[in-house]
Protein chains: 2
Amino acid sequence: MGPGRRPRDTDHRGVDVRRTQEERKADTRARLLAAATELFAAHGVDAVSVDAVAEAAGRTSGAVYAHFGSKQGLVLALLDERKGSVLTVLQAEVAVTDSPASQLAAVWANVAGTGGEDARWDLLEQELWLRAARDPEVADVVRARNAESRRYSARRLEGWTAAAGARPAADPDGLAVLVRALLTGLAQQRRLDPGAVPDDLALAGLAALVGLAGPPAPSTATTRTTTSTNRPRRGAPGHRAVRS
Amino acid sequence: MGPGRRPRDTDHRGVDVRRTQEERKADTRARLLAAATELFAAHGVDAVSVDAVAEAAGRTSGAVYAHFGSKQGLVLALLDERKGSVLTVLQAEVAVTDSPASQLAAVWANVAGTGGEDARWDLLEQELWLRAARDPEVADVVRARNAESRRYSARRLEGWTAAAGARPAADPDGLAVLVRALLTGLAQQRRLDPGAVPDDLALAGLAALVGLAGPPAPSTATTRTTTSTNRPRRGAPGHRAVRS
DNA sequence: GTCTATAGAGTGATAGAC
DNA sequence: GTCTATCACTCTATAGAC
């Protein structure tokens, strides 16, 4: 074999250099977006520095600016990325054979979900809605996302109500708006005070909107917390910022 | 008359010194809170510096720290201040003689209001809810506010439904949660895309929750905007931060 | 395309005079 | 109680080496 240095697998920083530049570029972009999603969702956009995102992705801030131009660009790209994903509120694995009531239950369970990864993303989504109110550029992207989500939800709801012979509170498009509003509003209150929004209450509200005759609902099934449930969040790390 | 300097009405900075220190202290506190409300609501808490608040109140940042200890303390004091005020969502000037339907209309009008001062405060309220999700200290205050608001709303709703012989989707306390959720959710979507949430849609949703037989609802009364209504916000000042 | 290094600006908070 | 002055620190974004 010739004496030439055989090509190394990594450069001096351990970065894989075997693949094409295009592959590495896409990889870095994906890493940055994933890190940004995680950190922004956990701590809020303003509380996370560009350096922190880059570091979490195994890169430096320079890479962020090469890819997205600015922190704002990163936020917008992140919104765009998640567009094709599980963005719609009415996304839930429901069997078409289930009763409309249990399908609603599945939707709610999806929104109020165990509080895993979805809950964090939900928090970020809320923040972006807020940001959209003050930043037209963000507003455009969120509006587009929302319109797409609404179309999907409307079709879905149309099928359900037709099949169940329900008398919904509005036409499918309007009903999609109402259902989304109720779901996000309930999720918001539930984040603050879980006891205030028992599952059966949420289901009763949804049933009323879509026009299903709700069951009498025991309604006292869960104690209403309201006062200092106030879990001190043991183990939560100082909760103030992730900086470089 | 004696030759002594007569007491001046203001000191070298134009600050009134006739009143007692206690009065001036209260005045400064009120000024700071008013300025903070205005600026935080308009631009977001993180985008407004302590110096900017102090300057808008005709004081300096030192005064803020003397009164509230920290920026966070200012935010909390602001929440507390607004507690006794018009904080409840169901606050609306309605005549008891009005029909339940028109009372709901008044409530919605109050929430979706012309977009004046209330709309700005609403934005701040949203931000504080979001902040509460990450900061237990803020969460406590917001939770207390919310509980009080819910009690008030529940009593009010109880009266309405009883008088109208409606069949609400839940008991008064639960109904208060549902109505609040729908209202805030609709307000949120309306901020982003006003055309997506026509008044009659909101009213139909509310009627469904409280159990009033909603009118057939023309429902096509307003064009659904969805796409680029996107008013470029003429006259809005750069919208990025109010710093010192 | 990614890094290092740094400019340039701004922040929250504190000490001490008045 | 309020102000002035300043500390110690952080941020975003850019320039140039590799």
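Predicted, not measured: the structure shown is a model, and the values here were computed from it.
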Distance in angstrom units between [X] [atom1] and [N] [atom2], rounded:
X: B:Asp46; N: C:dG10; atom1: CG; atom2: P; result: 17 Å
X: A:Leu32; N: C:dG1; atom1: CG; atom2: C1'; result: 12 Å
X: A:Arg59; N: D:dA13; atom1: CZ; atom2: P; result: 21 Å
X: B:His43; N: C:dG10; atom1: NE2; atom2: C1'; result: 17 Å

Sequence neighbours left out, what passes side chain to side chain contact (heavy atoms under 4.5 Å, CB included) with [X]? Give chain and number order.
X: B:Glu127; result: A:Leu130, A:Arg134, B:Val45, B:Leu124, B:Arg131
X: A:Ala202; result: A:Trp108, A:Leu186
X: B:Gln189; result: A:Trp129, A:Asn146, A:Arg150, A:Val177, A:Arg180, A:Ala181, B:Val197

Just to verify, what does B:Ser61 make a side chain to side chain donor-acceptor pair (under 3.5 Å) with, not counting sequence neighbours?
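B:Ser61: side chain to side chain donor-acceptor pair (under 3.5 Å) contacts with B:Asp51.
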Would you please name every residue forming a salt bridge (charged side-chain N to carboxylate O under 4.0 Å, His left out) with A:Arg29, sequence neighbours left out?
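Listed in chain order: nothing, the list is empty.
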Return the residues of residues 63-70 of chain A meeting this criterion: a heavy atom under 4.0 Å from some atom of DNA chain C. Order them by number, or give none.
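DNA chain C contact set from residues 63-70 of chain A: A:Ala63, A:Ala66, A:His67.
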When you match B:Val50 and A:Ser61 each to their closest nucleotide on DNA chain C, which lands nearer the 5' end?
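Its nearest nucleotide being more 5', the pick is A:Ser61.
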Under 3.5 Å, N/O pairs linking protein and nucleotides 6-9 of chain D:
none

Nucleotide of C:dC3, C:dG1, D:dT4 approaching A:Lys25 most closely (side-chain heavy atoms)
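Shortest atom-to-atom distance from the side chain points to C:dG1.
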Does D:dC11 have OP1 or OP2 sitting under 4.0 Å from an N or O in the side chain of A:Ser49?
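Answer yes for this pair, as a side-chain N or O of A:Ser49 is under 4.0 Å from OP1 or OP2.
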What do the steps show when you test B:Val50 against B:Leu74 for side-chain contact (heavy atoms from CB on, under 4.5 Å), and what is the final call?
CA-CA 9 Å; B:Val50 173; B:Leu74 175 57; 5.9 Å; no
